[in-house]
Amino acid sequence: MIGAMTPEEVGNRLLAVLGLQEGADMTVSGGGPGHARATVDVPADRWVEALRAARDDAELACDFFDWLSAVDEQERGFAVVAHLWSTRHRHGLLVRTWLPREAPAVASVVEIYPGAAWHERETHEMFGIDFPGHPNLAPLLLPPEFEGHPLRKDFVLASRVAKEWPGTKEPGGDAGAGRRPPMRPPGVPAPGEWGPPDLNQ
Amino acid sequence: MGPLPAVLGEPIRFTLNWGRRYSLWVFNFGLACCAVEFIASSVGRHDLTQLGVAPFAPGPQQADLMVVSGTVTDKLAPAIKRAYDQMPDPKYVISFGACANSGGPYWDSYSVTKGVDQLIPVDVYVPGCPPRPEALLHGLLRLQEKLAGAPDDSSGAADPGARADSSRADSSLAGLTAPVVRPLTP
């Protein structure tokens, strides 16, 4: 196989190409034997440079753009992650950058990977992250009258506020109630915690 | 085929209902995983065409039965309403699967319509996630029973008597090869 590198070597190679300290800001994530990938953290102002280096460097040669999205890590901000793959060397790489929660923005990588256009549109509408340099940052999946950014952790899933959940409340039906605090999915507010005070009274 | 005068009576109503329930042209509004279960129930092993539900209508304008199978999102809701409006009367709707019945496992989601009955009137709900093909066949039999009892000038949804739950003391549905169809007792 051409240039078989371990995930650590792939990550360290990107750090070396960018001139960042080797070993720092890089983790190797699981996925089972043979499927681990390095995750490299780069500063937000070097985002475009990092992806271009990942694509153009001969040893990395990440020519396949797989995925770009964000993770809401609450106090730490938003992490924008790009999944890259090298079809020549058969190795993958995750490049990540951290953005602050207020006014998150990172340069668009459309001129490096044109396929990132729709991924950035979806990330923009779901998290509210701006991508200056993107030719058309219109909503992709949500209906036009939708308000808010749904994949943020502080976006309230208000269905249960407006109407009682029609299913059984506890395992074992109503007989099982009271034994332990009811489970709520993340994002669903507790009764009375959110919404107009006289709803469902 | 508009409303017929009552004086024509029982033989006409019986014949029309018999014709309608055994020649349903089905339009599968397949959205998600339940669409695959619908397809599975239409091919050889379970074969919903044995109930007379054939052919598959090329569009809503040639259909009398619309099967909504899968998750209905808020963005698609106008399209479902439009497809239902394009169907000529008499028309019937089967809501197939938990997502179409009530939003299903995605009830909390920001983008899911909590049941297709918020948009269009539904005649038969088939629960399951996904329902087995036999469940769809049972739902079609229930729909055929409902049609057997329908008055002659309405689709099943417009008649409140026919929509009432029927608890039948004897279940004489002896297998699916020879369905016994009786009008629902209101």
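Residue numbers start from 1 in every chain, and the chains themselves are labelled A, B, ... in the order their sequence lines are given, proteins ahead of strands. Computed from a predicted model, the values in this text were never measured in an experiment.
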With rounding to the nearest 0.5 Å, note down the distance linking CH2 in W107(B) to CG in L157(A).
11.0 Å
Can you say whether T73(B) sits under 4.5 Å from chain A via the side chain, the backbone, both, or neither, judging by heavy atoms?
neither
CH2/W98(A): more than 12 non-hydrogen atoms of other groups inside 6.0 Å
yes
Do other residues, nucleotides or ligands put more than 12 heavy atoms under 6.0 Å from the CZ atom of F56(B)?
yes
If you take all heavy atoms of Y110(B) and F146(A), which pair is closest and at what distance?
O-CE1, 3.5 Å
Engaged part of L142(A) at the chain B interface, taking heavy atoms whose separation is under 4.5 Å:
both
